[in-house]
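Quick notes on the structure that follows.
Chain letters run A, B, ... following the sequence lines, proteins first and then strands; every chain starts at 1.
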There are 2 protein chains.
Amino acid sequence: MKVIAREDRGLPARIAGDIGRRITLGELKVGDTLPKEADMLAGLGVSRTTLREALKILSTKGFIEAKPRLGTRVRAAEHWNTLDPVVLSWQGDADDQEALAEELFEIRLSIEPLAARLAARRGSAREHAQIRAAYLRMAEERAGLEEAIEADIDFHLQIFQAAHNRFLLPVASVIRAALSISIPKTMAASGGFGQSLAQHEAILVAIEARDEETAASTAATLIASTYKRNFQTA
Amino acid sequence: MKVIAREDRGLPARIAGDIGRRITLGELKVGDTLPKEADMLAGLGVSRTTLREALKILSTKGFIEAKPRLGTRVRAAEHWNTLDPVVLSWQGDADDQEALAEELFEIRLSIEPLAARLAARRGSAREHAQIRAAYLRMAEERAGLEEAIEADIDFHLQIFQAAHNRFLLPVASVIRAALSISIPKTMAASGGFGQSLAQHEAILVAIEARDEETAASTAATLIASTYKRNFQTA
DNA sequence: TTCTCATATAATCGGAGTTATTATTGGTCA
DNA sequence: TGACCAATAATAACTCCGATTATATGAGAA
């Protein structure tokens, strides 16, 4: 699958991931101070520059905070940039995956109808066409499973693009990461797209007709029924 | 005011900000390749480590992408992490502030009712008490304007905290940054809290009563009327 | 209690070697 | 002669290193 990742390349990113996962797993607790720079250097066997960049990555994701003399401390979870796909993948390794999935559905149920509404309001004809193209690829009988899943994800992302709201895009990126995991699960459980395809079409038609209310409500319906399909089988 | 910032300390962060602003301002366009490392070093007069950390910051915020042989290129705006308060402050220097404010209201109108609903559902008694405490500080007659504004922001943040959904928190952080700008503007325009105080109280009461529907609808009402107050006067 | 100073720690510096990607060149095959 | 493939070279980011500088804290003296 490997839709996510792409950002775990490079030595600093890998070290940041190691430490980040130790934090999400609770091995490193909030308020703990990491070993001082020199000690970690010896322990990891990398150079200052590399470690420093790794810590900088963790810092920009809100995981740690470095102060001279005090050392580098783990920040509280509320500062973590949970919408970062990389952070999501770290948390995915933790053991509260069901809670994570439920929280994600909560926010999708609130955000995706908004995206559909705005796509209906502001999307250009070209953008609407791209949403339709994604739908057609998804509906294509001959398409393989892989392609259909890709098209499904693309369908949702194109809606976010057409919404022309830049605050939606970071949310879209985490939804993309989540879909690449949840769609195959859903399909395996219920044996295919099922009514999901019809629901996608309803959203598409509403957006193209610039019917904001219907676009929003059909989007909500889709998320809600996806949610049910995921949790019936769990 | 200075509620934002805090992350613009340090030389790398300042350089990242300089470059980041040049990108949001359009001085550096999408697809442009930055000067190669050695040249920027000479131009900026800083060390490799510093520049490297600055670029790493920009990279984690989705602004740039570095590839060997190709150089470091500016990524499309859809990859920017717009929910990062620092990124918001960079964009605030650009000239499309009204559009930015409108997009923010759109997302608040969708997210804050959800937060209120979840706070009603899952918030602990202690967390509800903290929301109430923030409300009381806001309502306090003797309180100065500064304190009232701080309390107003705190009220919203406490609701996000009580919602127990980790995907909401990154959105909360950008809302915090935005509120610290928009509240004073709103108050200056309409001469005080006005009916806003009563609306806050309605949300509080609904959350404490664990009445999810009312919590969500009153939160929507508050955002909508705040939106109107901001755009009537603009 | 307050101010000063020593100290520990992160922040910054600059240079050099390594690795990965791409463009170019040369050759081969149709 | 044309197009395509493979080896090669060049370029820029990546990694490493050791030293120096700035700063915050805590101890000690006034």
Do the side chain of A:Ser110 and the main chain of B:Ser110 share a donor and acceptor less than 3.5 angstrom apart?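 Present.
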Let me know the distance between [atom1] of [X] and [atom2] of [N], rounded to the nearest Å.
| X | N | atom1 | atom2 | answer |
| --- | --- | --- | --- | --- |
| A:Glu65 | D:dT23 | CD | P | 18 Å |
| A:Met40 | C:dA11 | CE | C1' | 16 Å |
| B:Arg73 | C:dT21 | CZ | P | 14 Å |

How would nucleotides 9-16 of chain D be written as a contact map, 5' to 3', with B for base contact, S for sugar-phosphate-only contact and - for no contact, using protein heavy atoms under 4.0 Å? -BBSSBBB
Contacts of A:Thr33 that satisfy side chain to side chain contact (heavy atoms under 4.5 Å, CB included) - sequence neighbours left out: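 So A:Thr33 forms a side chain to side chain contact (heavy atoms under 4.5 Å, CB included) with A:Arg73.
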Might you work through the salt bridge (charged side-chain N to carboxylate O under 4.0 Å, His left out) test for B:Arg21 and B:Glu27, ending with a clear yes or no? CA-CA 9 Å; B:Arg21 264 181 285 270; B:Glu27 193 178 328; over 6 Å; no
Keeping to residues at least two apart or across chains, list the ring pair (Phe, Tyr, Trp, His ring centres under 6.0 Å) pairs with something in residues 38-81 of chain A.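 The answer is A:Phe63-A:Trp80, A:Phe63-A:Trp90.
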Presence of salt bridge, A:Glu103 and B:Arg122, under 4.0 angstrom: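 No, no charged N to carboxylate O under 4.0 Å.
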